[in-house]
Amino acid sequence: MTTLLDDALAHHVWATLRLLDACSELTDEQLETTLPGTYGSILETMRHLVASDAGYLNRLSGGRHPRVEEAGMGVVELRSVMERNRELWPELLTANPDPSEMVTVQREDGSSFGAPKGIRLAQVIHHGTDHRSQICTALTSLGIEPPPIDVWDYGEVMGLTRELAASS
C-alpha cells in the first residue's frame, strides 16, 4: 500500500545516505569540523541525526524497532542504521498509523511528553532536513561541495519528476 508520506520519508533516508557517503570521504579532522549555530561537529551531528531517526522509529512502532547507541559510531555504522531504516519506514507507514494517536515518552528526569503520531512524523522530516543542512554548511566551510540532496534532486534521480512541454 502506498501512503502519502512514502516519498517524504524515502527522500529523508535517501538524502541522509547521500550525505553519509559524502562524509565517508572526509578525514577524521574534517569530521570534527564545527560551526557556530550548528548541533556539533559533522560526525556528532550525523550521529545525532541517525540515532534520532532510529528513536523516532522505536517510538512510532511501539518499541518494535530498536534504538541505537550513537556513541562511538562511525560513518559506516551510521550508514548501516539508515539502510535498515530505509526498510522500516515504509513498513511503519503501511500499517496505516492513526495520526492523532498520542505517543507519550517518559524522560529520564521523571517528566513525560506527549505528541500525536502525525506531529512526530512531521518532526522526523523537519529534524532530518535541519541537521542535513547544518552538515552541508560545514562541508561548504571546508571548501567541499555538498551532494545535491533536496526533494527535487530525489525526484529527478528516482524518475518521479519530469519536464513538460509548454502549453500553447
Side-chain angles (χ1 to χ4, degrees), residues 5 7-93 103-115 117-154 157:
L5 287 174
D7 285 329
L9 286 166
H11 164 262
H12 162 71
V13 172
W14 174 86
T16 303
L17 288 169
R18 292 211 48 189
L19 203 48
L20 281 162
D21 290 344
C23 290
S24 72
E25 299 176 13
L26 301 179
T27 65
D28 290 344
E29 182 179 323
Q30 289 172 317
L31 285 169
E32 292 305 319
T33 299
T34 60
L35 294 174
T38 63
Y39 177 86
S41 72
I42 291 172
L43 184 56
E44 289 169 335
T45 305
M46 199 54 91
R47 286 175 178 157
H48 170 71
L49 191 164
V50 172
S52 295
D53 200 63
Y56 295 136
L57 270 163
N58 175 269
R59 287 188 180 115
L60 289 165
S61 71
R64 287 189 317 277
H65 303 305
R67 300 178 65 86
V68 297
E69 180 53 51
E70 65 195 87
M73 289 184 90
V75 173
V76 171
E77 294 87 4
L78 294 170
R79 191 177 203 297
S80 177
V81 171
M82 284 309 291
E83 285 284 352
R84 182 196 72 207
N85 292 359
R86 177 177 20 207
E87 306 302 320
L88 297 179
W89 281 117
E91 176 185 307
L92 182 111
L93 293 176
V103 176
T104 302
V105 174
Q106 301 298 318
R107 296 180 176 140
E108 290 180 17
D109 68 1
S111 65
S112 58
F113 176 77
K117 285 185 175 182
I119 291 296
R120 290 187 180 278
L121 282 168
Q123 172 60 11
V124 170
I125 304 301
H126 167 74
H127 185 259
T129 300
D130 186 36
H131 288 305
R132 285 190 301 270
S133 176
Q134 293 173 5
I135 293 166
C136 287
T137 299
L139 290 173
T140 302
S141 79
L142 292 169
I144 298 169
E145 181 73 24
I149 58 171
D150 72 22
V151 175
W152 297 126
D153 296 316
Y154 171 78
V157 167

Give the minimum heavy-atom separation between S112 and T104, together with the two atoms involved.
-> CB-CG2, 3.9 Å
To the nearest 0.5 angstrom, please state how far the CD1 atom of I149 sits from the CG atom of L19.
-> 5.0 Å
Distance (rounded to the nearest 0.5 Å) between D150 CG and H11 NE2 = 6.5 Å
So which heavy atom on V81 is nearest to which on A54, and how close?
-> CG1-CB, 4.4 Å
Validation row: V151, H12 side chains within 4.5 angstrom (heavy atoms) = no
Point-to-point distance, once rounded to the nearest 0.5 Å, from CG of L78 to CG of L43 | 6.5 Å
side-chain hydrogen bond (donor to acceptor under 3.5 Å, both in side chains) with D28: which residues, sequence neighbours excluded?
-> none
Heavy-atom pair with the smallest gap, counting every atom of L20 and V75 | O-CG1, 3.3 Å
Using distance alone, with no hydrogens and no angle criterion, decide if H131 and Q134 have a side-chain donor and acceptor under 3.5 Å apart.
-> yes
Report the residues that fulfil side chain to side chain contact (heavy atoms under 4.5 Å, CB included) with P66, sequence neighbours left out, ordered by chain and then residue number.
-> R84
Counterpart residues, side-chain hydrogen bond (donor to acceptor under 3.5 Å, both in side chains), relative to T16 (two or more places apart) = R132
Any ring pair (Phe, Tyr, Trp, His ring centres under 6.0 Å) pairs touching residues 53-92, not counting sequence neighbours?
-> Y56-H127
With sequence neighbours left out, what residues match R86 under side-chain hydrogen bond (donor to acceptor under 3.5 Å, both in side chains)?
-> E83
Compare every heavy atom of L60 with every heavy atom of L121, then report the nearest pair and how far apart it is.
-> CD2-CD1, 3.7 Å
Looking at CD1 of I135 and CG of L49, how far apart are the two atoms once the value is rounded to the nearest 0.5 Å?
-> 6.0 Å
D21: partners by salt bridge (charged side-chain N to carboxylate O under 4.0 Å, His left out), with sequence neighbours left out | R79
Which residues pass the side chain to side chain contact (heavy atoms under 4.5 Å, CB included) test with A122, sequence neighbours left out?
-> none
Verify, without hydrogens or angle tests, whether R107 (side chain) and F113 (backbone) share a donor-acceptor contact under 3.5 angstrom.
-> no
Approximate separation, where rounding is to 0.5 Å, of S24 OG and L31 CG | 9.0 Å
Can you check side-chain contact (heavy atoms from CB on, under 4.5 Å) on W14 and V157, steps first, answer last?
-> CA-CA 10 Å; W14 174 86; V157 167; 4.0 Å; yes
CE of M46 to CG of L26, rounded to nearest 0.5 Å, is 9.0 Å
Identify the heavy atoms of A10 and Y154 that sit nearest to each other, and give their distance.
-> CB-OH, 3.1 Å
Give every residue pair that meets the salt bridge (Lys or Arg N to Asp or Glu O under 4.0 Å) criterion with at least one member in residues 51-74, sequence neighbours excluded.
-> none
Residues which pass side-chain hydrogen bond (donor to acceptor under 3.5 Å, both in side chains) with T27, listed by chain and number, not counting sequence neighbours = Q30
From P148, C23, P146, residue fulfilling side-chain contact (heavy atoms from CB on, under 4.5 Å) relative to R18 = P148
Cut-off 3.5 Å, no hydrogens considered: what does the side-chain donor-acceptor table look like for residues 137-144, sequence neighbours left out?
from: T137; atom 1: OG1; to: S133; atom 2: O; distance (Å): 3.0
from: T140; atom 1: OG1; to: C136; atom 2: O; distance (Å): 2.9
from: S141; atom 1: OG; to: A138; atom 2: O; distance (Å): 2.6

Partners passing side chain to side chain contact (heavy atoms under 4.5 Å, CB included) against A22 (at least two apart in sequence or in another chain) | P147
Tell me, yes or no, whether the heavy-atom count around E29 atom CD, taken from other residues, nucleotides or ligands under 6.0 Å, exceeds 12.
-> no
